[in-house]
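First comes the structure, then the notes that go with it.
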Amino acid sequence: MSEQNDDIRSQANKKLLINYYIAHRDELLAYVSSRLGDSCLAEDIVQDVFLKLLTTDKMISEVTMPALVYTVTRNLITSYFRRRSHHEE
């Protein structure tokens, strides 16, 4: 039964993510591009955001989706700058 609940939750999360991606991809891409100044890199970050969320085992709702998306996005941007600063040293 738990496995069935996980499948149902996974499918619900997937639907929410697809709808959010369709509705907000350009907005998120503009946000990331403005932080990085590189549209190709911004595409990669946005893609990584949704891949991370597709593989999460946490329950996602319409209410939590925007905060979750932007939190993951900010974390990935921060990670990018950390990696870049370590490579420059």
Side-chain angles (χ1 to χ4, degrees):
M1 182 139 140
S2 176
E3 201 170 300
Q4 186 178 13
N5 288 341
D6 289 345
D7 287 342
I8 291 169
R9 182 175 60 222
S10 177
Q11 289 301 317
N13 284 354
K14 189 174 180 180
K15 273 186 174 179
L16 281 171
L17 283 164
I18 289 168
N19 290 337
Y20 191 89
Y21 180 83
I22 291 168
H24 299 281
R25 178 192 170 275
D26 292 340
E27 168 191 323
L28 190 60
L29 194 55
Y31 171 78
V32 177
S33 287
S34 73
R35 300 300 186 272
L36 301 178
D38 181 335
S39 62
C40 290
L41 184 57
E43 287 274 357
D44 290 343
I45 296 281
V46 170
Q47 182 180 34
D48 288 348
V49 168
F50 286 95
L51 283 173
K52 272 190 175 292
L53 293 174
L54 276 171
T55 59
T56 189
D57 59 351
K58 295 182 175 134
M59 184 66 178
I60 301 172
S61 73
E62 287 183 42
V63 173
T64 62
M65 179 70 72
L68 189 56
V69 167
Y70 278 89
T71 298
V72 171
T73 301
R74 281 189 304 272
N75 290 344
L76 287 173
I77 290 170
T78 301
S79 293
Y80 165 76
F81 282 120
R82 267 195 208 116
R83 282 191 312 272
R84 193 176 94 176
S85 71
H86 285 136
H87 288 307
E88 290 177 355
E89 290 178 358

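Residues: numbered from 1 along the sequence shown.
E27 is linked by a side-chain hydrogen bond (donor to acceptor under 3.5 Å, both in side chains) to H24, Y70, counting only residues two or more places apart in sequence or in another chain. Scanning for side chain to side chain contact (heavy atoms under 4.5 Å, CB included) contacts around N75 gives T71, with sequence neighbours left out. With sequence neighbours excluded, the residues that form a side chain to side chain contact (heavy atoms under 4.5 Å, CB included) with T64 are I60, S61. S34 pairs by the side chain to side chain contact (heavy atoms under 4.5 Å, CB included) definition with nothing, not counting sequence neighbours. Applying the ring-ring contact (aromatic ring centres under 6.0 Å, His included) criterion to F81, with sequence neighbours excluded, gives no partner residue. Considering only residues two or more places apart in sequence or on other chains, T55 meets the side-chain hydrogen bond (donor to acceptor under 3.5 Å, both in side chains) condition with none of them. For R25, the salt bridge (charged side-chain N to carboxylate O under 4.0 Å, His left out) partners are E43, not counting sequence neighbours. Scored by the side chain to side chain contact (heavy atoms under 4.5 Å, CB included) test, D48 finds L51, L76 as partners (sequence neighbours excluded).
Side-chain atoms of M65 and L17, non-hydrogen and from C-beta on, do get closer than 4.5 Å to each other. The closest side-chain heavy-atom distance from I77 to Y31 is below 4.5 Å.
Residue pairs meeting the ring pair (Phe, Tyr, Trp, His ring centres under 6.0 Å) criterion with at least one member in residues 45-65, sequence neighbours excluded, are Y21-F50.
Members clustered with I22: I18, by chain and number, using a 4.5 Å side-chain heavy-atom cutoff among hydrophobic residues.
The two residues K58 and N13 come nearest to each other via the heavy atoms O-ND2, 2.9 Å.
For the atom pair L41 CG and Y80 OH, the distance stands at 5.0 Å (nearest 0.5 Å). Rounded to the nearest 0.5 Å, atoms OG (S39) and CG (D44) are 10.0 Å apart. For the atom pair K52 NZ and L68 CG, the distance stands at 11.0 Å (nearest 0.5 Å).
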